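Report on one structure; see the data block that follows.
Quantities reported herein were computed from a predicted structural model and do not represent experimental measurements.
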Amino acid sequence: MKTRKRLCIKLCFTAALFMAVSFYAHSQDLTGIWLTKNGISKIEIYKSKDGLYYGKLIWTKDQSEKAKKFHGELILTGLKQESAIAYEGKAHDPEQDKTYSCTIKVKDTNQLDLRGYIGISLIGRTERWIRVSR
């Protein structure tokens with residue numbers, strides 16, 4: 001009888017742990033406003049009707065006319081969710097007018113790592129972005 005009770009307790013504990021992990025993984029939402037490396041700009045990431053994610057530039061630290069002309073421009077395009085925390089798509093650098101492959105990993109509710117690269121992910125650069133309010 002004690003063995004059966006222990007088994008039941010272990011199963012309940014395992015089920016509760018699984019539910020907690022599932023909840024945590026699903027709570028890693030990509031949508032929102034993100035402050036880029038060194039607070040240079042803010043990118044608003046949203047989910048489109050096509051099921052993919054996009055990010056547009058909504059603010060820059062540099063308020064010159066040259067920088068302001070990029071406001072509203074799509075910086076992240078075609079981000080497809082690959083797992084509960086990972087997304088893959090394209091990232092555009094408007095200053096250099098170059099587009100890179102990118103992988104985004106949501107670290108927690110307020111941080112993500114964006115890795116931009118050409119060809120293979122090993123040759124690239126990673127930036128940490130922080131979630132902010134408008």
Could you walk me through whether Lys56 and Glu73 pass side-chain contact (heavy atoms from CB on, under 4.5 Å), step by step? CA-CA 5 Å; Lys56 66 180 175 180; Glu73 188 169 328; over 6 Å; no

Before giving the answer on side-chain contact (heavy atoms from CB on, under 4.5 Å), spell out for Lys80 and Glu88 the whole-Å C-alpha distance, their side-chain angles and the decisive distance to 0.1 Å. CA-CA 5 Å; Lys80 181 180 178 188; Glu88 290 188 16; 5.6 Å; no

Step by step, would you call Tyr87 with Leu30 a side-chain contact (heavy atoms from CB on, under 4.5 Å)? CA-CA 9 Å; Tyr87 302 80; Leu30 183 63; 3.7 Å; yes

Quick one: do Lys98 and Asp93 satisfy salt bridge (Lys or Arg N to Asp or Glu O under 4.0 Å)? Show the steps, please. CA-CA 5 Å; Lys98 292 187 177 182; Asp93 181 347; over 6 Å; no

If you apply the rule side-chain contact (heavy atoms from CB on, under 4.5 Å), what do you find for Leu114 with Leu112, and how did you get there? CA-CA 6 Å; Leu114 180 141; Leu112 66 77; 4.1 Å; yes

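A donor-acceptor contact shorter than 3.5 Å is absent between the side chain of Asn38 and the backbone of Ile40. A distance-only check finds a donor-acceptor pair linking the side chain of Arg131 to the backbone of Thr109 [under 3.5 Å]. Side-chain atoms of Ser64 come within 3.5 Å of backbone atoms of Ala67 as a donor-acceptor pair (strictly under, hydrogens ignored). In this structure, Ser83 contributes its side chain and Ala86 its backbone to a donor-acceptor pair below 3.5 Å.
Using a 4.5 Å heavy-atom cutoff, the side chains of Lys90 and Ser101 are in contact. Looking at heavy atoms from C-beta onward, Ile58 lies out of side-chain contact with Ile43 at the 4.5 angstrom threshold. Glu127 has its side chain out of reach of Asp113: every pair of non-hydrogen atoms, C-beta onward, lies at least 4.5 Å apart. Side-chain contact check for Tyr46 versus Tyr54: some heavy-atom pair is nearer than 4.5 Å. At a threshold of 4.5 Å between non-hydrogen side-chain atoms, the residues Cys102 and Leu79 count as touching. Two residues are said to be in side-chain contact when any heavy atoms from C-beta on lie closer than 4.5 Å; Trp59 and Leu35 meet this criterion. Looking only at side-chain heavy atoms (C-beta outward), Tyr117 and Ile123 stay at 4.5 Å or farther from each other. Under the 4.5 Å side-chain criterion, counting only non-hydrogen atoms from C-beta, Ser121 is in contact with Arg115.
Looking at Arg128 and Gln111, their side chains do bring a donor and an acceptor atom within 3.5 Å of each other. Looking only at atom types and distance, the side chain of Asp62 has no donor-acceptor partner in the side chain of Thr60 under 3.5 Å away. Looking only at atom types and distance, the side chain of Ser41 has a donor-acceptor partner in the side chain of Thr36 under 3.5 Å away. Under the 3.5 Å distance criterion, with hydrogens and angles disregarded, no donor-acceptor pair is assigned to the side chains of His92 and Thr77.
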